[in-house]
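Numbered from 1 within each chain, the chains take letters A, B, ... in sequence-line order.
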Amino acid sequence: MLVRASQYFLPTWKEDPAEAELPSHKLLLRAGMIRKLAAGIYTYLPLCRRVLHKIETIIREEMDAIGGMEITMPVVHPAELWAETGRLQDFGPILGRFRDRAGREMVLGPTHEEVITDIARREIRSWRQLPLMFYQIQTKFRDEPRPRGGLVRAREFTMKDGYSFHESKEDLDQFYRKVYQAYLHIFHRCGLAVVPVEADPGLMGGSESHEFMLPSPYGEDAFIQCENRDYAANLEGAVSPKDEDPPEPLLPLEEVATPGCYTIEAVAQFLGVPTRKTAKAVFYRTPKELVFVVIRGDLEVNEAKLARALGTTELWPAREEEIAAVGAVPGYASPIGIKRDGVKVVVDDSIPKARNLVAGANREGFHLRNVNFPRDFQADLVADVALVRDGDRCPRCGGRLSLLRAIELGHIFKLGTKYSEAMGATFLDREGRPKPLIMGCYGIGVGRLLAAVIEAHHDEEGIVWPANLAPFQVVVSVLDPKRPELLALGEDLAQGLAEAGLEVLLDDRDQSAGEKFHDAKLWGIPVLVVVGPRAAAQNRVELERRRDGEKRAVEARRDPVLCAVRELLAQNG
RNA sequence: CGGAGAGUAGCGCAGCCUGGUUAGCGCGCAUGGUUCGGGACCAUGAGGUCGCCGGUUCGAAUCCGGCCUCUCCGACCA
């Protein structure tokens, strides 16, 4: 296929736009691939559409290969459907809403578990129909509070979402592994070295989940990875064993004056002890009760882990008056001597391993030395609720963990029966008994994936597409298209390449040579064929490879040019 | 939602502090001409409710108040 640049829409910019920070965002704008309509809402221009099409093709091939069937679900859903699972509430303001002319409340789909489960409950009756896997590539809308980085986090975005239905947990487990592998293939084929990490299912619910992360300094997310590569987890789910303090005799409680020491740092400094020899009190509120968390002073509470330990999804920081109501003194709060009714005391598992800690005395201006658990206070729950830090130990091998920024490209979940139970989607099992369908769901952010490919494949001059994703494989640049013989030569060579099955951009625009060279680099097209007067005088054209700038001159005829282009493309990796 | 910054021609910016002719520069765009291998040159020209609303003033891009939008950091986030 052959496209003439003079008749195509390729609005490039010379300068970096003021609104962009990330390389992918700047390059998408400069290369004329996207334009912004509003915060986090973009038009995909022709060059972008071509690349998206290639990414989508890879995704379709991999989904089809594991038995996925492509469908398209509606963008607009009745709000009632979302009320069935409780997510009309849970999603809150993220959900785009409007009323139709009859006054019925509608939502813009941020994801499609409810819709596919509605299909399933109407159509799936027997175990004989299972398993089933559906997927779609479609526009989603989520009114995120902070869109950022162009396509890295948009409010309106393209997503591949897939949903599978199974008769048993075992069948889901087996299929989940297939999807996991298919996802690795997809990212590999896009030229990305992603890391699968263990993740927290969060709002989606379910038992097990993995995120596919591309490490990047510009990532919108982060994860924890072991130096020995045997453990990777997202921040909300990461665990690390706590070190036991060296044995020391348990000393008697002792109250000490610590005027003006409202923070752990201040207390530790005032008393000359390290922060890890202190116990910190942190207060939360759930719909049911006040939660008093006791954690080692050098650690932070991981609210996702705490919520999971409490079996709740709703958790907020407590207000001062709620803290005071149970007899705790903010700034000097202590688990010793508080009212126990209506308070749940959660002790992080760092505390039983520590000895002789400094904790609040529940008295303005005083702390206690030599606090020991469980000698001095009791817990309703002992659990790991700490945020893992850079440098902590790996739970598998004891190696060092590091915190890496990353772009989350995909997320897969074993949903189990959360949606099928809420919505009454059942089937008759082999014994003829009705059972809720067992589900999995699988998402890839397609636009984010495209942005991630640019983050991973660019240089100072522009994008450097992997050959299989490039919008065109070759650009044939006619330096002086006003000369009929040069234009004719360029057209003939471009035609030859196109007839051989390549996607060719013929740059026949009447612009200076420099501008055309710069645009070709900005667009990231793998091979440039230069048709210029200098080489043409010797009946030659010059080829240049985008990735490394390697140049070669070949005879200006179809066959030698095709042959050389193919070689350069093949070595493009 | 908390913090920070920005909004002047299609893009990038200056002018604002210290109010005063017709609001400027570079790029881009249009027309004509000269050029033609790494973001050319000359000439002419088009293009602006200075984000919006209100106030102060003889006079506001400039000072004051309110609002809107966008960007970044954080919180949040399948």
Side-chain angles (χ1 to χ4, degrees), chain A residues 11-22 25-26 29-30 32 35-41 87 90-95 109-114 140 142-150 152-155 157 159-163 199-206 209-212 218 220-222 234-236 303-304 315-317 408-415 418-419 440-445 448 461-462 477-483 486-487 509-522 528-537 540-542 544 549 551 553:
Chain A
T12 55
W13 291 345
K14 278 187 196 173
E15 290 171 286
D16 277 343
E19 72 184 53
E21 295 276 321
L22 308 207
H25 189 191
K26 288 180 184 171
L29 287 165
R30 285 189 54 206
R35 289 295 180 259
K36 184 179 70 187
L37 180 63
I41 302 182
R87 292 207 299 180
D90 294 347
F91 262 86
I94 301 267
L95 213 48
T111 174
H112 282 71
E113 284 75 17
E114 280 78 1
K140 301 280 190 267
R142 293 182 190 178
D143 197 355
E144 298 283 358
R146 186 153 102 83
R148 57 170 295 238
V152 168
R153 184 197 281 175
R155 290 193 295 166
F157 58 100
M159 175 176 232
K160 187 289 295 180
D161 47 325
Y163 307 89
D200 178 56
L203 246 191
M204 298 297 296
S209 146
H210 287 85
E211 290 174 346
F212 294 80
Y218 297 104
E220 88 296 349
D221 207 339
N234 77 355
L235 224 41
E236 293 80 47
E303 294 179 9
L315 188 72
W316 318 276
E408 180 195 335
L409 296 177
H411 202 160
I412 61 178
F413 301 82
K414 290 182 185 173
L415 294 175
K418 171 172 169 164
Y419 297 90
C441 80
Y442 320 97
I444 291 178
R448 183 181 280 182
E461 300 187 273
S477 202
V478 181
L479 293 191
D480 187 0
K482 279 188 180 159
R483 292 200 199 176
L486 277 184
L487 183 58
R509 297 173 304 167
D510 185 21
Q511 292 184 8
S512 75
E515 284 181 286
K516 295 165 117 169
F517 288 133
H518 279 274
D519 279 349
K521 288 191 170 165
L522 190 54
L528 168 66
V529 177
V530 181
V531 180
R534 206 167 68 192
R540 295 170 95 76
V541 292
E542 193 169 273
E544 181 174 341
K551 292 180 187 174

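- Comparing B/rG24 with B/rC63, their C1' atoms sit 22 Å apart, to the nearest whole Å.
- The residue among A/Gly150 and A/Ser512 whose nearest nucleotide of RNA chain B is located toward the 5' end is A/Ser512.
- Under the Watson-Crick or G-U wobble criterion, with both distances below 3.5 Å, B/rG7 is paired with B/rC68.
- With distances taken from any side-chain atom of A/Phe517 to the nucleotides B/rU71, B/rA40, B/rG38, the minimum falls on B/rG38.
- B/rG39 sits 10 Å from B/rC27 when the C1' atoms are compared, rounded to a whole Å.
- Judged by distance alone, the side chain of A/Arg155 and the main-chain N or O of A/Ile41 form no donor-acceptor pair under 3.5 Å.
- B/rA61 makes up no base pair with any nucleotide shown, lacking Watson-Crick or G-U wobble contacts both under 3.5 Å.
- Taking the P atoms as reference points, B/rG15 lies 26 Å from B/rG59, given to the whole Å.
- Distance check: A/His518 NE2 to A/Gln511 CD gives 12.5 Å after rounding to the nearest 0.5 Å.
- Separating the C1' atom of B/rG10 from that of B/rG48 is a span of 12 Å, rounded to the nearest Å.
- The same atom, C1', is picked in B/rU44 and in B/rU49; the two are 28 Å apart, to the nearest Å.
- Using a 4.0 Å heavy-atom distance criterion, A/Glu144 is classed as a sugar-phosphate-only contact.
- At a threshold of 4.0 angstrom between heavy atoms, the contacts of A/Gly410 with the nucleic acid are absent.
- For the pair A/Ile444/A/Phe212, no side-chain contact is recorded, criterion being any heavy-atom separation below 4.5 Å from C-beta on.
- If you take CG of A/Asp510 and P of B/rG39, they are 16 Å apart, rounded to a whole angstrom.
- B/rU34 is paired with B/rA40 under the criterion used here, namely a Watson-Crick or G-U wobble arrangement in which both key atom distances are under 3.5 Å.
- Look at the C1' atom in both B/rC13 and B/rC1: the space between them is 33 Å, to the nearest Å.
- The structure places NZ of A/Lys414 at 9.0 Å from OH of A/Tyr442, a figure rounded to the nearest 0.5 Å.
- Using a 4.5 Å cut-off on side-chain heavy atoms (C-beta onward), A/Leu479 and A/Phe517 make contact.
- Pair assignment for B/rG2: B/rC73, on the basis of Watson-Crick or G-U wobble contacts that are both within less than 3.5 Å.
- Of the candidates B/rC27, B/rG37, B/rA75, the closest approach to any side-chain atom of A/Lys14 belongs to B/rC27.
- Here the straight-line distance linking atom CG of A/Leu29 with atom CZ of A/Arg35 works out to 6.0 Å at 0.5 Å rounding.
- For the pair A/Asp519 CG and B/rG39 C1', the computed distance is 9 Å after rounding to whole Å.
- Listed by chain and number, the residues in a side-chain contact (heavy atoms from CB on, under 4.5 Å) with A/Ala536 are A/Leu486, A/Leu489 (sequence neighbours excluded).
- Looking at heavy-atom distances under 4.0 Å, A/Glu461 makes no contact with the nucleic acid at all.
- As judged by a 4.0 angstrom heavy-atom cut-off over every strand, A/Lys516 is placed among residues making no nucleic acid contact.
- Within the nucleic acid shown, A/Pro110 comes within 4.0 Å of at least one base atom, counting heavy atoms only.
- With hydrogens and angles ignored, a donor-acceptor pair under 3.5 angstrom links the side chain of A/Glu544 to the base of B/rG38.
- Nucleotide B/rG37 holds its P atom 14 Å from the CG atom of A/Leu528, rounded to whole Å.
- Residues forming a side-chain contact (heavy atoms from CB on, under 4.5 Å) with A/Asp161 (at least two apart in sequence, or on another chain): A/His112, A/Gln136, A/Lys140, A/Met159, A/Tyr163.
- In this structure, B/rC16 forms no base pair with any nucleotide, since neither Watson-Crick nor G-U wobble geometry is met with both distances under 3.5 Å.
- A donor-acceptor contact under 3.5 angstrom links the side-chain atoms of A/Arg153 to the base of B/rC77.
- Using atom C1' as the reference point in both B/rC25 and B/rU8, the two lie 12 Å apart (nearest Å).
- The nearest whole Å value for the distance from the CD atom in A/Glu236 to the P atom in B/rA75 is 10 Å.
- Residue-level contact check: A/Arg30 touches the bases, meaning some heavy atom is under 4.0 Å from a base atom.
- Using a 4.0 Å heavy-atom criterion, one finds that A/Ala20 contacts no nucleic acid atom at all.
- Set against B/rG37, B/rC72, B/rG39, the side chain of A/Glu542 has B/rG37 as its closest nucleotide.
- Here B/rG39 presents its P atom at 9 Å from CD of A/Glu515, a figure rounded to the nearest Å.
- When each of A/Phe157 and A/Lys482 is assigned the nucleotide of RNA chain B bearing its nearest heavy atom, the one mapping closer to the 5' terminus is A/Lys482.
- Straight-line distance from the CZ atom of A/Arg534 to the C1' atom of B/rG38: 10 Å, rounded to whole Å.
- Atoms CZ (A/Arg509) and P (B/rG28) sit 13 Å apart, rounded to a whole Å.
- For B/rC70, the OP1/OP2 oxygens have no side-chain nitrogen or oxygen of A/Arg148 closer than 4.0 Å.
- Across the protein-nucleic acid pair, A/Leu522 atom CG and B/rG38 atom C1' stand 14 Å apart, rounded to whole Å.
- For the atom pair A/Arg142 CZ and A/Phe157 CZ, the distance stands at 4.0 Å (nearest 0.5 Å).
- As rounded to the nearest Å, B/rC11 and B/rG51 have P atoms that lie 14 Å from one another.
- Each of B/rC70, B/rG37, B/rG38 was ranked by its minimum atom distance to the side chain of A/Lys521; first place goes to B/rG38.
- Atom CZ in A/Arg448 sits 6.0 Å away from atom CD in A/Glu408 (nearest 0.5 Å).
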How does protein contact run along nucleotides 1-13 of chain B, one letter per nucleotide 5' to 3', with B for base contact, S for sugar-phosphate only, - for none, heavy atoms under 4.0 Å?
----------BSS
